[in-house]
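Worksheet: the structure to be examined is printed underneath.
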Amino acid sequence: MSFLEIFREMTYGPAPESSEAVKGWLDQHNRRFGLFIDNRWVYPENASYLASHDPATGELLAETIQAGKAEVDAAVASARAAFETWRSTPGNVRARYLYAIARNVQKHHRLLAVLESMDNGKPLRESRDIDVPLLSRHFYYHAGWAQLAEKELPDFQPVGVVGQIIPWNFPLLMLAWKIAPAIALGNTVVLKPASYTRLSALLFAEIVAEAGLPPGVINVITGSSKAGSMIVEHPDVDKIAFTGSTEVGRTLRRQTAGSGKRLSLELGGKSPFIVFDDADLDGAIEGVVDAIWFNQGQVCCAGSRLLVQENIADTFIEKLKKRMGKLRVGDPLDKAIDMGAIVDKTQWETVDGWVKRGVQEGGSLFQPDIPLPTQGLFYPPTLITGLDPAAETVQQEIFGPVLVSLTFRTPAEAVALANNTRYGLAASVWSDNINLALDVASKVKAGTVWVNSTNLFDAASGFGGYRESGFGREGGKEGLFEYLRPVWQERPCPRLDAEEKENASWCAAVPPGPITPNGKGSRQAAATDELPRVDRTPKLYIGGKQARPDGAYTRAILGARGNLIGQVGEGNRKDIRNAVEAAHAAHTAKPGWAMRHGHNRAQILYYIGENLDARFDEFATRIAAMTGKSMKSSRGEVGLAADRLFTYAAWADKYGGTVQETTLRGVTLAVNEPVGVIGIACPDHDPLLAFVSLMAPAIARGNTVVMIPSEKYPLSAVDFYQVLDTSDVPAGVVNIVTGNRDHLVKTLVDHEDVDAIWYFGSALGSYHVEHRSAANMKRTWVNYGIERDWHKPDQGEGHEFLMEATQVKNIWVPTGE
Ligand code: NAP
């Protein structure tokens with residue numbers, strides 16, 4: 001093409017990046033890579049290899065090892081050997097290592113970017129300008145936390161050896177999200193990249209060794225999902241950090257259940273992209289392009305569900321189709337390309353299968369008439385309109401360049417549609433009315449919400465999901481706690497064998513015992529003027545009312561000397577369901593408990609504390625009678641319980657969130673939202689104190705709760721509902737169901753309207769709670785059968801509780817003209 005023609009046509013010419021440096025690096029390794037263990041390349045004898053291909057050309061890039069058990073063991077042993085030294089390396093020294101890694105990444109910026117594009121198929125524009133800059137940014141940011149952690153987080157220690165498993169869509173970025181916080185805080189790592197994209201993690205390992213990181217702190221092993229599974233099961237791994245599909249996340253939840261291993265899951269999504277009629281439509285169109293065609297739509301938080309206000313829908317879709325016709329799909333190494341190749345043939349076929357399904361489901365398909373390379377795994381930008389909100393194509397994650405579009409009329413309908421998904425990873429809201437945009441942002445259930453923007457990421461802002469998009473955050477201060485545990489707590493290692501786990505009696509309904517004579521009645525009493533005490537029949541407490549147990553059974557409660565000291569209702573599944581319904585209603589009412597000001601919640605908690613204090617002796621006497629503790633010790637328990645209520649009244653308006661210092665020109669608001677409805681099973685130890693220590697942080701932070709009090713000593717909890725009744729607690733905020741703890745908790749775990757379970761019971765119960773929670777990926781907090789000392793402030797209150805009672809939502813709001 002001549003210059004004159006170029007000026008006349010104004011079309012893009014080819015602008016290819018050279019692949020020579022990458023090829024040189026691959027050749028240096030003879031295109032065969034070992035495993036990176038202990039800062040050395042390890043080539044096991046008789047290893048089998050997997051070929052890596054460039055998805056744009058089909059060219060063979062290199063072969064990498066399929067690690068087996070011996071290799072996984074060696075990598076874990078190396079991380080374990082490095083752990084003690086690394087955790088006790090001063091923070092400022094660790095900071096220098098992270099800083100050196102960040103600098104080294106920058107030195108090899110171009111090599112990393114080109115390799116990433118060749119291995120994954122993503123446009124170089126993205127790997128060069130987004131993936132690699134964010135990789136170094138994460139190490140710089142966390143170098144800062146390494147420097148500060150000793151002073152800023154003195155109550156926490158590293159978790160230990162961490163197994164990290166990442167997907168193929170952002171190999172370097174996912175690695176950065178996981179490795180940087182882990183090693184900053186003194187953990188050591190075994191990382192397994194995804195099989196489609198193994199090479200950039202191996203180059204990164206070399207860069208790390210070049211930066212002088214001590215051997216064993218970072219180990220990278222390649223292998224199939226079986227190797228991943230071996231890391232998950234390895235007894236010497238203390239935590240698993242996983243990013244990938246919800247289905248594999250579910251498997252990992254079940255596999256790690258009851259083991260005491262920490263788990264964070266960053267899973268799939270089907271994120272809404274909401275456009276109101278007053279939005280800057282041209283800006284929103286560019287937003288859609290970034291939301292769904294960035295990285296060929298292979299993005300967990302891709303804005304793959306377009307929701308457009310009905311009155312502008314036709315105009316918007318028309319503009320969008322026009323814009324799609326201008327997208328350039330082709331060689332990922334061409335710097336002027338919008339979309340590169342799909343990572344692998346299987347993935348290409350899955351995407352194509354979904355598009356066909358969308359058409360079968362009644363959708364209208366639009367794919368622009370643009371040139372696609374004739375070879376390689378390229379897929380056109382795709383739009384499907386006219387689908388039913390319940391269509392599978394609308395509900396399921398497609399993980400490719402496919403956008404589905406729906407319409408709405410009102411903001412309330414937009415929120416309802418946005419939340420009509422099992423996922424909750426991200427959302428984009430477009431409106432020039434900032435009040436409306438922020439209101440919708442607060443109502444959408446997602447871990448990240450971008451206002452008039454999309455797909456913004458930064459190390460200073462945590463990323464992670466609600467619901468089936470997983471739990472845990474990566475980035476920001478909130479992300480640090482995934483790699484820390486309280487100083488007082490060692491890793492709980494319950495060793496339940498398969499037979500114990502299968503023990504069906506775990507949650508079997510136990511028939512209430514026979515009536516136990518209390519031995520108090522006497523002939524003399526009947527003959528005197530003394531009136532017998534009026535019988536008190538404690539019931540359950542549901543929706544602000546005392547409720548008789550559905551099964552009409554009562555459980556006798558014996559005192560420390562074996563005498564009958566009271567009775568409580570024997571709750572059953574129906575009672576739990578009623579309690580959840582009441583808790584859910586209190587949560588979603590307008591305005592619900594969560595929508596009340598912190599000041600108002602604080603007032604109510606103070607009031608509960610005041611009313612408990614007013615009945616101090618009565619509660620102390622009850623504890624002494626139930627447990628056999630001395631009156632002095634029982635008084636101590638009541639006093640501390642009242643104090644805890646005051647502590648969380650204080651926290652009710654002091655844990656709202658922060659403004660994150662991201663690279664955005666604008667504000668990134670980290671909001672500590674309530675989790676929702678929390679089911680709480682209390683321990684037997686310190687029955688009043690533990691009950692209050694668990695209930696108070698949950699309700700202080702806007703959650704509503706279903707409490708299962710101590711099974712053995714439930715009477716203080718049923719006495720407590722009279723305190724609640726006189727303290728202005730709205731109906732349904734606290735519900736109390738007495739009975740067999742494990743039988744009741746089973747119904748709570750299985751309930752779709754319960755968002756989290758806190759379980760303080762047996763090791764077996766902890767296993768089952770974690771295992772069953774995988775069905776809808778509830779957040780869980782269990783004690784693995786290990787008692788904590790509720791009297792000690794570091795164990796009985798504080799940040800651990802507040803963090804469990806909240807989930808961080810990051811709302812990004814760009815500012816400026
Ligand atoms: P995937 O199939 O779940 O695989 C993810 C990783 O897990 C890979 O390394 C894979 O190894 C490994 N793996 C598979 N089965 C395993 C098992 N049973 N035990 C242990 N490890 C196992 O997901 P993907 O297809 O690679 O990635 C796409 C998914 O990731 C999408 O759902 C996307 O939304 C999600 N994602 C989420 C985020 C987030 O932050 N929430 C970010 C990016 C991606 P092999 O590759 O060897 O099979």
Side-chain angles (χ1 to χ4, degrees), residues 50 52 64-68 72 119-120 122 131 134 163-178 190-199 201 220-234 237 240-256 261 263-271 292 294-304 342-344 346-348 350-351 354 396-400 421-426 446-448 455 457 461-475 479 482 774 777 810:
L50 181 83
S52 281
T64 52
I65 289 177
Q66 297 285 61
V72 170
D119 199 19
N120 167 281
K122 64 173 67 203
D131 299 52
L134 277 171
Q164 305 188 320
I165 299 171
I166 56 172
W168 45 261
N169 56 343
F170 291 92
L172 284 171
L173 185 56
M174 293 300 103
L175 162 164
W177 285 13
K178 293 205 161 24
V190 176
L191 176 112
K192 187 196 98 65
S195 288
Y196 293 150
T197 53
R198 296 172 167 188
L199 300 178
V220 179
I221 57 168
T222 52
S224 69
S225 57
K226 280 193 197 140
S229 197
M230 286 171 203
I231 296 174
V232 174
E233 300 252 290
H234 201 292
V237 168
I240 295 296
F242 171 79
T243 298
S245 59
T246 295
E247 274 333 293
V248 175
R250 235 187 275 287
T251 306
L252 267 51
R253 169 71 292 182
R254 292 188 176 122
Q255 252 177 312
T256 53
K261 278 179 197 167
L263 180 67
S264 48
L265 298 174
E266 304 284 350
L267 308 175
K270 187 82 178 180
S271 300
I292 183 65
F294 170 51
N295 201 21
Q296 298 73 251
Q298 302 164 131
V299 182
C300 52
C301 52
S304 50
I342 300 290
V343 72
D344 185 82
T346 321
Q347 201 62 25
W348 192 100
T350 307
V351 171
W354 273 115
Q396 302 295 331
E397 184 183 44
I398 296 177
F399 219 60
T421 168
R422 64 193 174 109
Y423 296 112
L425 198 53
T448 301
N455 277 341
F457 309 100
S461 169
F463 187 87
Y466 283 28
R467 302 168 162 180
E468 294 194 30
S469 291
F471 42 78
R473 295 290 180 268
E474 292 188 319
E482 303 301 329
M777 303 309 290
N810 277 285

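Atoms within each ligand, like the ligands themselves, are counted from 1 in listed order.
At the top of the distance list for atom 21 (N) of ligand 1, counting protein heavy atoms only, stands Gly228 CA, 3.7 Å. Counting protein heavy atoms only, atom 47 (O) of ligand 1 is closest to Ser195 OG, 2.5 Å. Nearest protein neighbour of atom 18 (N) of ligand 1, counting heavy atoms only, is Val248 CG1, 4.2 Å. Closest to atom 10 (C) of ligand 1 among all protein heavy atoms lies Lys192 NZ, 4.1 Å.
For the pair Phe457 and Phe170, the minimum side-chain heavy-atom distance is 4.5 Å or more. You'll find the side chain of Asn120 reaches within 4.5 Å of the side chain of Pro171, heavy atoms only.
Thr246 does not count as a contact of ligand 1, since none of its heavy atoms falls under 4.0 Å from the ligand.
The side chain of Glu397, and not its backbone, has at least one atom closer than 4.0 Å to an atom of ligand 1 (non-hydrogen atoms only; side chain from C-beta on).
Side-chain contact annotation: Ser229 with Gln255, donor-acceptor N/O pair under 3.5 Å present.
Looking at Ile398, Ile231, Ile166, Asn169 and measuring to atom 43 (C) of ligand 1, the nearest heavy atom belongs to Asn169.
Contact annotation for atom 25 (O) of ligand 1: protein present (non-hydrogen atoms, distance under 4.0 Å).
Between Arg473 and Glu482 no salt bridge is recorded (no basic side-chain N to carboxylate O distance below 4.0 Å).
For ligand 1, the atoms closer than 4.0 angstrom to any heavy atom of Thr243 are 5 (C), 36 (N), 37 (C), 38 (C), 39 (C), 40 (O), 42 (C), 43 (C), 44 (C).
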